[in-house]
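Right, one structure below, let's go through it.
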Amino acid sequence: RKDSASKDNVTIEDVTLPKSIIMRLAKGVLPPNTQIQANAILAMSKSATVFINHLANAANEHTQNSNKKTIMPADVFAALDDIEFPFFRERLEAEFKKFNETQTTKRNTYRRKVAA
Amino acid sequence: MPYNTTAIPPRKEVTGQTQLPLSRVKKIVAQDQDINICSNNAAFVITLATEMFIQYLAGESFTMAKLGKPRRNIQYKDLAAAVSHHDNLEFLEDVIPK
């Protein structure tokens with residue numbers, strides 16, 4: 001099957017997050033001149049990937065419980081409680097609202113262009 | 001090539017944008033055999049949650065580095081200490097063993 005083949009063809013670069021952005025995000029919450037050891041950055045990077053799977057898995061439980069196949073934002077928000085990160089929810093909902101508005105505006109501009 | 005190493009502090013205003021690449025996060029989610037499809041919107045929420053998670057983990061590790069004789073560099077053992085101190089980081093026990 002095509003999609004199982006594409007899963008095998010995934011390279012390590014595809015599933016690793018960019019280290020520089022991880023480092024910059026981490027430094028964003030630390031006082032200036034705080035250093036992060038190389039293996040601490042590596043551990044953070046690995047943790048971030050595991051976190052993605054951890055959250056996606058918890059979200060997928062909600063998706064399956066409602067007999068759906070596609071994970072929706074509501075499933076992710078609900079999953080935050082399950083994985084004990086409820087304090088992320090408020091900001092994530094606000095960011096998602098903004099993201100959604102931007103996407104809708106883009107779509108409408110495109111449609112108007114096509115219609116014109 | 002000069003690298004951009006500027007710190008990215010948590011944003012004050014809502015921008016609806018991510019720092020981490022959304023496509024990469026979608027690929028990581030797609031690795032999971034149990035998951036059928038992840039909507040683009042859900043992937044956006046997961047990406048931003050991951051950014052917040054990195055900052056949470058960094059902050060908690062720094063708290064550990066300040067205990068005892070305070071240090072200004074974060075070491076692997078600070079991450080391991082943070083993992084064993086917080087229930088919500090328990091899922092990392094295998095990734096960051098003491």
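Below, read A as the first sequence line, B as the second, and so on, with proteins coming before strands; counting in each chain starts at 1. Computed from heavy atoms alone, side chains included, the values below leave out hydrogens, waters and symmetry copies.
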Is [X] in contact with chain B via its backbone, its side chain, both, or neither, using a 4.5 Å heavy-atom distance?
| X | answer |
| --- | --- |
| A:Leu55 | side chain |
| A:Val76 | side chain |
| A:Gln64 | side chain |
| A:Asp75 | neither |
| A:Arg91 | side chain |
| A:Met44 | both |

Test item: B:Thr50 side-chain N/O and A:Ala48 main-chain N/O as donor-acceptor pair under 3.5 Å: no

Quiz item: Is there a donor-acceptor pair under 3.5 Å between the side chain of A:Arg24 and the backbone N or O of B:Thr6?
Solution: yes

Please find the pair of heavy atoms, one from [X] and one from [Y], that lie closest to each other, and give the distance.
| X | Y | result |
| --- | --- | --- |
| B:Gln19 | A:Ile21 | O-CD1, 3.3 Å |
| A:Glu95 | B:Glu13 | OE2-O, 4.1 Å |
| B:Arg24 | A:Val15 | CD-N, 4.5 Å |

Does [X] reach the side chain of [Y], with side-chain heavy atoms less than 4.5 Å apart?
| X | Y | result |
| --- | --- | --- |
| B:Asn41 | A:Met72 | no |
| B:Asn36 | A:Ile71 | no |
| B:Ile8 | A:Lys27 | no |
| B:Phe91 | A:Ile83 | no |
| B:Pro10 | A:Val29 | yes |
| B:Val29 | A:Asn53 | no |

Apart from B:Val14 itself, its cluster of hydrophobic side chains linked below 4.5 Å comprises none

Of the backbone (N, CA, C, O) and the side chain (C-beta and beyond), which part of [X] lies under 4.5 Å from a heavy atom of chain A, both, or neither?
| X | result |
| --- | --- |
| B:Gln17 | backbone |
| B:Ile46 | both |
| B:Phe53 | both |
| B:Asp94 | neither |

With chain A, which of [options] has the greatest number of heavy-atom pairs at distances under 4.5 Å?
| options | answer |
| --- | --- |
| B:Leu57, B:Thr15, B:Ile96 | B:Thr15 |
| B:Thr47, B:Ile54, B:Asn40, B:Asn88 | B:Asn88 |
| B:Thr18, B:Leu89, B:Val95 | B:Val95 |

Subject >> Sub-6.0 Å ring centroid separation between A:Phe87 and B:Tyr56 >> reply: yes

Residues 61-73 of chain B vs chain A, non-hydrogen distance cutoff under 4.5 Å, contacting residues -> B:Phe62, B:Arg72, B:Asn73

d(A:Ile22 CD1, B:Glu51 CD) to nearest 0.5 Å is 10.0 Å

To the nearest 0.5 Å, atom CD1 of A:Ile52 lies from atom CD1 of B:Ile28 at 4.0 Å

- side-chain hydrogen bond (donor to acceptor under 3.5 Å, both in side chains) evaluation trace for B:Asp34 with A:Asn60: CA-CA 8 Å; B:Asp34 297 334; A:Asn60 197 40; 5.9 Å; no

